[in-house]
> 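What follows is a single structure, and I will ask about it in a moment.
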Amino acid sequence: MGAEAKRVKREVLGIPDRHKHRERASEPPTGRTKDPGTHQRTYRYRFYPNPTQAQQLAQTFGACRWVYNEGLALRANAWREHRVSVGFAETCRALTGWRNARETSWLQDISSTVLQQSLRHLDSGFTRFFKQAGSHPKPKRKGKSRDSATYVRTGFRWREDPGRPGTGLISLAKQTEPLDVRWSRPLPPGQTPVKLTVTRDRTGRFFLQILVEEQITRLPAAVIPGTTMPRAVGLDLGLAALVTMDDGSTVDHPRLLKKYARKLAQLQKELHRKEKGSANRGKVREKLARLYTTVTDVREDALNQLTTRLVHENQVLVVEDLAVANLTRAASGTGRRRKAKLNQSIKDAAWGTLLRMLQYKCEWYGRTLVIVDRFFPSTRRCSSCHTKGERLDVSVRFWTCGMCGVAHDRDVNAAVNLRQEGLRLYAHVLAALPPERRPPAVIRASELPDPVVAA
Ligand SMILES: [Zn+2]
């Protein structure tokens, strides 16, 4: 490797050699020390570009897509044909080459940092793939993939409005006028945004996602009154209910609301009647896409309220590892297939969103999310006497323990088991911590040493 890989990269793949920045290397690192109460948080706003801005953004989206695909091809080919691995830094050097080449000189009209971010996204895609947490990155296709462009600090200007703190003027690189942003709520005042992501959805609406570093105050510890025991909840994620808690209460899945379902069915029928490629078909598609975004917004809202409540009420929250949780698909195919399929995808998305929200809210507010291992028999174990029973079919909702005779609701029993196991792991991690150290925001059983998990 080494010299040979370098030659392949230079001669075959056309990646220029790295320039040495000797003077830069001697500078001290510029990373700021992070305040422990500081968290990154994203705010989303709609904005209305003027025609020039819209055109420039369309060009930017196209260029980002092109660079992403080109970077992907470079990395994939380098590996397939030469067994040479090409990383982020090398794709950036290749980008410089593309910008300088005559046939792709149009890339110079786009801010180079924005294009680099596109390569950064590609790199994260590969990282997830190598960690087996995602599939191999795929080329982005116009009209199929979401239009998006990311601007880091040097790619935009921000001037806060002293009259309305938390709002202000945002100008993007290569644009002259600031964006017309609808400030539906202010950003935390006095904060300079860290990163911006501009997106355009399928209906042509533009959104601005603003990442800021925000000081979030931890909540006071939630303990059982009169004790120092943490308040804890076991959450069983399932098909019948989105969440079943160990006290027996449940939260329903954010199903497709009736009024949307009717509208959706109507639009889909309309779509099939329209001629392919016609302008009217396009209009119906647009309406459909808009309806889907509404459904998504309603769902996110409901999950936000639920997770905020859970995190406020409890110190320790226990869930099962989602990747392997008992999420056996409900059988569908009884005529209303499309609706069933959509409801299924809403459920799928709800579990993921729920866990993601719990995770970052635990971090923000000083709580702990315990993710119990996949080998923990949460469903089969009797929560009263801890006997491990037979494997239960998905259809079994109630069962009685053969050992102690206690009757169980399948999901509540699982939630109680999760709570017990989560508290056990939490206590174990806590005992191993030096005094005055806070427990971590996330405890993953799969990352703890084996005897702890098996105990
Ligand atoms: Zn039992």
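Values below: every heavy atom of this structure, side chains too, minus hydrogens, waters and symmetry copies. Every number for a ligand or one of its atoms is a count from 1 in the order of the listing.
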> Look at the aromatic rings of Phe129 and Phe126 and report parallel, tilted or perpendicular, splitting at 30° and 60°.
perpendicular

> Go through the structure and list residues passing ring pair (Phe, Tyr, Trp, His ring centres under 6.0 Å) with His312, not counting sequence neighbours.
Tyr365

> Side chains of Lys195 and Thr150 only: does a donor on one sit below 3.5 Å from an acceptor on the other?
no

> Looking only at the side chains, is there a donor atom on one of Ser278 and Asn280 sitting less than 3.5 Å from an acceptor on the other?
no

> Under 2.8 Å from the Zn ion (ligand 1), how many protein N/O/S atoms do you get? Just the number, please.
4

> Determine, for Asp180 against Arg182, whether the closest basic-nitrogen to carboxylate-oxygen distance falls under 4.0 angstrom.
yes

> Is it possible for you to check whether Arg46 lies under 6.0 Å from the centre of the six-membered ring of Phe206, through NZ or CZ, and within 45° of that ring's axis?
no

